[in-house]
Amino acid sequence: MFKKLGQHFLINKSAINKIVSALNLQPNETIIEIGPGKGALTFPLIKECEKIGCKIIAVEKDPTLAERFKVQGSRKNFEVIEGDILKILKTIPSTYNLTPYTYKLIGNIPYYITGKLLRLIGEL
């Protein structure tokens, strides 16, 4: 149903815990999650950020998946943006007043956008 955009959903809880741990989350930093999908990584990140005071901005291209997060209700440390990361990535730091080293990028991204996305990240 949701794989029309090349999505492959992360479900391994051990891998999710390792990713969250490897992020070494810090107070007042922002995590930009590319393609939160069904939230397997997003919800543990929200929980961890609530403890330490960081924020998550999730960018989801699939309107159905983005809507799932919007109906969850608002949280002070989480925001979902419905959009194409390839089109909006460069605008996110200035829109949210983020400077280098105050945010981290994470995502389980579809293979077909990897090359272009890495080039865009290199330009940030």
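Position 1 is the first residue of the sequence; numbering continues from there. Computed from a prediction, not measured in an experiment: that's the story for all the values here.
- Distance check, rounded to the nearest 0.5 Å: CD1 of Ile52 to NZ of Lys47 gives 13.5 Å.
- For Thr95 (side chain) and Thr91 (main-chain N/O), a donor-acceptor pair under 3.5 Å exists by modelled atom type.
- Taking the side chain as every heavy atom from C-beta outward, Glu67 and Leu65 never approach each other to under 4.5 Å.
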(request) Starting from the C-alpha separation in whole Å, work towards a yes-or-no answer on side chain to side chain contact (heavy atoms under 4.5 Å, CB included) for Leu117 and Leu89. (result) CA-CA 9 Å; Leu117 181 60; Leu89 179 60; 3.9 Å; yes
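- Minimum interatomic distance between Asn77 and Cys49 (heavy atoms only, all atoms of both residues): ND2-CB, 3.3 Å.
- Listed here is the closest heavy atom pair of Ile92 and Ile57: CG2-CD1, 4.5 Å.
- Applying the salt bridge (Lys or Arg N to Asp or Glu O under 4.0 Å) test to residues at least two apart or on different chains, the pairs with a partner in residues 12-34 are Glu29-Lys104.
- Closest approach of Lys61 to Glu82, counting heavy atoms only: O-CG, 4.4 Å.
- The nearest pair of heavy atoms linking Ile16 to Pro44 is CG2-CG, 3.8 Å.
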(request) Might you work through the side chain to side chain contact (heavy atoms under 4.5 Å, CB included) test for Thr42 and Val80, ending with a clear yes or no? (result) CA-CA 10 Å; Thr42 311; Val80 65; over 6 Å; no
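- Looking at heavy atoms from C-beta onward, Ile32 lies in side-chain contact with Leu98 at the 4.5 angstrom threshold.
- Within the structure, salt bridge (Lys or Arg N to Asp or Glu O under 4.0 Å) contacts touching residues 112-124 (residues at least two apart or in different chains) are Lys90-Glu123.
- One hydrophobic cluster, built from ILVMFWY side chains closer than 4.5 Å, holds both Tyr112 and Leu120.
- For Lys51 and Glu48, the salt-bridge test passes: some basic side-chain N is under 4.0 Å from an acidic carboxylate O.
- Ile85 is listed as a side-chain neighbour of Ile113, based on a closest heavy-atom distance under 4.5 Å.
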(message) Under the criterion salt bridge (charged side-chain N to carboxylate O under 4.0 Å, His left out), I'd like the reasoning laid out for Arg75 against Glu50: C-alpha separation, chi angles, the key distance, then a yes or no.
(response) CA-CA 9 Å; Arg75 296 175 187 245; Glu50 284 175 344; 3.2 Å; yes
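- Closest non-hydrogen pair, Leu41 versus Ile106, comes out as CD2-CD1, 3.6 Å.
- Here the side chains of Thr30 and Tyr96 are not in contact, with every heavy-atom distance at 4.5 Å or above.
- Using a distance-only test at 3.5 Å, with no hydrogens or angles considered, no donor-acceptor pair links the side chain of Glu60 to the main chain of Ala58.
- A heavy-atom distance below 4.5 Å is not found between the side chains of Phe78 and Phe43.
- A side chain to side chain contact (heavy atoms under 4.5 Å, CB included) with Val59 is found for one member of Leu105, Ile88, Asp84, Ile34 and no other, namely Ile88.
- The stretch residues 81-124 participates, sequence neighbours left out, in no disulfide (SG to SG under 2.5 Å) pair at all.
- Looking at Leu124 and Tyr103, their side chains come closer than 4.5 Å, going by heavy atoms from C-beta outward.
- In terms of modelled atom types and a separation under 3.5 Å, the side chain of Asn28 and the main chain of Cys54 share no donor-acceptor contact.
- When side chains are defined from C-beta on, Lys55 counts as touching Glu79, because their heavy atoms get closer than 4.5 Å.
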